[in-house]
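Down below is the structure, laid out as structure tokens.
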Amino acid sequence: MQKIVVTGQKPLNGIIKISGSKNAALPIMAATLLTGEKCSLRNVPNLHDVASFVELLNSFGADVERSGHTVDICCSDIRSLTAHYDLVKKMRASILVLGPTVARFRKAKVSLPGGCAIGVRPVNLHIDALKKMGATGNIERGYITMDAPEGLHGEEIYFSKITVTGTENILMAASLAKGKTTIRNAAQGPEIVALAKTLIKMGASVYGAGSDKIIVEGVKELSGFDEAIIPDRIEAGTFIAAVSASKGSILLKNADIEALECPISVYKGIGVNIVQTTQGIAVSCDAKLKSAAIYTAPYPGFPTDLQAQMMADLSLADGTSIINENIFENRFMHAAELLRMGADISINGKQAVIEGVNSLMGANVMATDLRASASLVVAGLAAKGTTVIDRAYHIDRGYEAIEEKLQAVGAEIWRER
Ligand code: EPU
């Protein structure tokens with residue numbers, strides 16, 4: 001099994017180019033199922049999750065060509081509408097095929113994703129909304145089977161809980177439904193806006209994406225598109241966490257400051273200098289961090305996907321910090337690994353209390369999920385001595401060339417194969 005090895009306490013200085021966003025690329029790849037025309041995606045990050053999604057589309061019969069950061073997809077000859085367990089279990093975002101396939105092909109069979117390291121993660125809200133739009137469905141032997149022989153119709157959909165992929169599934173399904181769909185309590189992040197923009201390019205009528213109310217007027221057919229994937233705000237936030245931990249000064253080229261408004265205000269509050277430049281975001285830090293109280297929340301709140309990286313930083317802050325994880329019920333697995341490095345963290349339900357320590361010490365640690373692995377890299381960059389992170393494959397799901405990017409700004413980080 002591959003390991004990432006980091007020797008810490010080297011300040012980071014230079015430029016890091018932010019890659020395309022994983023969580024924007026995957027729904028746009030799913031949207032290609034809505035049309036038989038060729039779709040071209042640029043700035044697609046080179047990640048395991050993208051490769052898994054290509055595998056899933058291939059298993060349906062889609063024609064996919066990848067060249068560098070461009071992915072061309074044509075779903076004109078779809079032969080299977082089953083998303084098998086073996087692919088779905090690797091990547092929960094596979095559920096994103098449900099909405100488009102029910103809408104265009106009037107049926108779908110998708111393996112239930114099941115739980116994962118960070119929580120139970122049900123998809124009941126996706127299924128209920130599609131049923132309201134005219135599909136029938138049941139769950140049998142671990143598969144969601146949905147049929148809509150008459151096609152889907154527009155509806156009033158109210159999500160009792162804000163769901164990112166749920167909003168994306170219904171947005172895609174509503175684009176090909178008969179009539180008007182109103183999605184209330186919709187997710188509002190930049191990935192939703194990017195998907196809506198792509199759907200509009202395909203010929204859909206979508207209004208209000210980026211707010212909590214999205215209106216979609218269904219159309220009969222959608223066409224192909226050419227679209228560049230937006231920069232990854234979570235990757236950029238992770239590098240802000242890295243500089244905050246290891247000190248130094250870096251430019252995050254292409255990073256979008258607006259998409260990171262809440263985490264940036266928190267980082268500024270704990271003593272990190274962050275300014276927008278014409279090329280991206282400039283981040284520098286040379287002082288001991290201050291403590292903070294963080295509450296994860298749906299966008300535009302503090303992202304759960306940066307919580308683990310923030311915890312690594314707050315382990316080294318002056319005084320006591322608090323993190324409340326309000327999105328996922330089990331997203332503190334990195335805390336136990338940070339303890340191995342000398343952090344002082346106690347967990348009580350959804351709250352972590354972090355007593356800042358003067359330094360972390362390199363240790364052997366285990367990555368448990370994607371963002372937990374990023375937090376261990378951040379901690380390793382700050383720690384005295386060498387940290388060995390086992391199960392490095394987690395990081396490849398969501399960070400493109402992370403060792404190379406960090407090496408280029410002065411980090412001592414490498415991979416043991
Ligand atoms: N939920 C339900 N029922 C549903 C759907 C969601 O109860 O039918 C609950 C979830 O259990 C959770 C909350 O609603 O407690 C929010 O979950 P959401 O559906 O928004 O999460 P997701 O769509 O499965 C996406 C990202 C995650 C990110 C979350 C929250 C993608 C592909 N994944 O997941 O990204 O953490 O939104 O922002 O967009 C990551 O990149 O590391 C990652 C996990």
Side-chain angles (χ1 to χ4, degrees), residues 19-31 45 47-50 52-53 56 88 90-99 110 112-132 137 139 144 157-172 183 185-195 212 229-230 232-238 259 262-263 295-309 324-331 333-334 350 367-375 394-400:
S19 296
S21 157
K22 163 178 88 75
N23 290 348
L26 300 175
I28 293 178
M29 291 174 79
L47 301 172
H48 279 188
D49 273 13
V50 167
S52 300
F53 215 94
L56 179 60
V88 178
K90 271 206 242 174
M91 186 191 44
R92 295 183 41 87
S94 307
I95 192 69
L96 284 164
V97 300
L98 186 65
V110 180
L112 265 177
C116 71
I118 62 176
V120 179
R121 304 186 73 183
V123 289
N124 56 311
L125 300 173
H126 308 225
I127 298 171
D128 291 350
L130 288 169
K131 281 186 176 170
K132 222 177 158 201
I139 295 172
I144 310 161
I157 303 296
Y158 175 82
F159 282 122
S160 54
K161 205 166 185 183
I162 295 177
T163 161
V164 175
T165 50
T167 302
E168 290 163 347
N169 249 332
I170 300 312
L171 193 50
M172 291 187 276
I183 309 174
N185 206 24
Q188 301 177 34
E191 299 76 18
I192 304 283
V193 176
L195 174 63
D212 64 350
I229 302 302
I230 58 170
D232 195 318
R233 63 188 167 107
I234 303 301
E235 188 199 18
T238 301
C262 174
Y295 304 85
T296 64
Y299 188 89
F302 192 92
T304 173
D305 292 345
L306 285 176
Q307 177 261 109
Q309 302 87 315
N324 268 41
E325 171 53 58
N326 296 317
I327 307 292
F328 293 114
E329 62 276 21
N330 192 26
R331 210 174 198 183
M333 304 227 332
H334 42 281
K350 63 180 190 174
T368 48
D369 69 78
L370 169 58
R371 307 302 171 189
S373 59
S375 101
H394 283 293
I395 212 153
D396 299 325
R397 289 192 45 210
Y399 291 90
E400 182 173 59

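Counting convention: from 1, in listed order, for ligands and their atoms alike. For the numbers below, each heavy atom of this structure counts, side chains included, while hydrogens, waters and symmetry mates do not.
- Residue contacts with ligand 1: K22 is included, with a non-hydrogen atom under 4.0 Å away.
- Under a 4.0 angstrom heavy-atom cut-off, G398 registers as lying outside contact with ligand 1.
- Of all the atoms in ligand 1, the ones that sit under 4.0 Å from a non-hydrogen atom of A93 are 32 (C).
- For the atom pair CD1 (I28) and CD1 (I229), the distance works out to 4.0 Å, reported to the nearest 0.5 Å.
- Interface atoms of ligand 1 facing V123, defined by a heavy-atom separation under 4.0 Å, are 4 (C), 8 (O).
- The shortest contact between atom 5 (C) of ligand 1 and any protein heavy atom is with P122 O, 3.2 Å.
- Residue H126 has at least one heavy-atom neighbour below 4.0 Å for each of these atoms of ligand 1: 8 (O).
- Residue I95 holds its CD1 atom at 7.0 Å from CG of L112, rounded to the nearest 0.5 Å.
- Regarding atom 24 (O) of ligand 1, its nearest protein heavy-atom neighbour is R121 NH2, 3.0 Å.
- Residue-ligand proximity, L370 to ligand 1, at heavy-atom distances under 4.0 Å covers atoms 42 (O).
- Residue-ligand proximity: R331 is placed with a non-hydrogen atom under 4.0 Å from ligand 1.
- Of the possible polar contacts, one joining the N169 side chain to the G99 backbone as a donor-acceptor pair under 3.5 Å is found.
- Side-chain atoms of T167 come within 3.5 Å of backbone N or O of A187 as a donor-acceptor pair.
- Looking at D305, I95, V164 and measuring to atom 36 (O) of ligand 1, the nearest heavy atom belongs to D305.
- Rounded to the nearest 0.5 angstrom, I230 CD1 and N23 CG are separated by 9.5 Å.
- How far CZ of R331 is from CD of E325: 6.5 Å, rounded to the nearest 0.5 Å.
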**Study point:** Intermediate values then yes/no, side-chain contact (heavy atoms from CB on, under 4.5 Å), N326 and K350
**Key:** CA-CA 7 Å; N326 296 317; K350 63 180 190 174; 3.2 Å; yes
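- When hydrogens are left out, the protein atom nearest atom 26 (C) of ligand 1 is N23 ND2, 3.7 Å; that is the closest non-hydrogen contact.
- Looking at L125, I192, L26, I118, it is L125 that brings a heavy atom closest to atom 8 (O) of ligand 1.
- Note on ligand 1: I162 sits in its first shell, one or more heavy atoms being nearer than 4.0 Å.
- Of all protein heavy atoms, the one closest to atom 21 (O) of ligand 1 is F328 CZ, 3.9 Å.
- Taking each heavy atom of I183 and L171 in turn, the nearest pair found is CD1-N, 3.9 Å.
- Ligand 1 has an N or O atom lying under 3.5 Å from an N or O atom of I327, backbone or side chain.
- In this structure, CD1 on I118 lies 6.0 Å from CG on D369, to the nearest 0.5 angstrom.
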Exercise for review: Could you check E168 against T163 for side-chain contact (heavy atoms from CB on, under 4.5 Å), going step by step and ending with a plain yes or no?
Suggested key: CA-CA 9 Å; E168 290 163 347; T163 161; over 6 Å; no
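- We find that K22 and E400 are not joined by a salt bridge, their nearest charged nitrogen and carboxylate oxygen being 4.0 Å or further apart.
- Residue contacts with ligand 1: R92 is placed with no nitrogen or oxygen under 3.5 Å of a nitrogen or oxygen of the ligand (distance criterion only).
- Protein heavy atom in closest approach to atom 3 (N) of ligand 1: N124 OD1, 2.8 Å.
- The N/O atoms of T304, backbone and side chain alike, include none that comes under 3.5 Å of an N/O atom in ligand 1.
- When hydrogens are left out, the protein atom nearest atom 22 (P) of ligand 1 is T165 OG1, 3.6 Å; that is the closest non-hydrogen contact.
- Contact annotation: for Y299 versus ligand 1, there are no heavy atoms closer than 4.0 Å.
- For atom 41 (O) of ligand 1, the nearest protein heavy atom (residue, atom name, distance) is R371 NH2, 2.8 Å.
- Considering backbone and side-chain atoms alike, E329 places every N or O at 3.5 Å or more from each N or O of ligand 1.
- The nearest heavy-atom contact from the protein to atom 9 (C) of ligand 1 is K161 CD, 3.8 Å.
- At a 4.0 Å heavy-atom cut-off, ligand 1 does not touch H394 at all.
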Exercise for review: Dump the intermediate steps for side-chain contact (heavy atoms from CB on, under 4.5 Å) on Y399 and D232, then the final yes or no.
Suggested key: CA-CA 9 Å; Y399 291 90; D232 195 318; over 6 Å; no
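- Atoms OG1 and NE2, from T368 and H334 in turn, are 8.0 Å apart once rounded to the nearest 0.5 Å.
- Put simply, the residue from Q309, R371, R233 that forms a side-chain hydrogen bond (donor to acceptor under 3.5 Å, both in side chains) with T238 is Q309.
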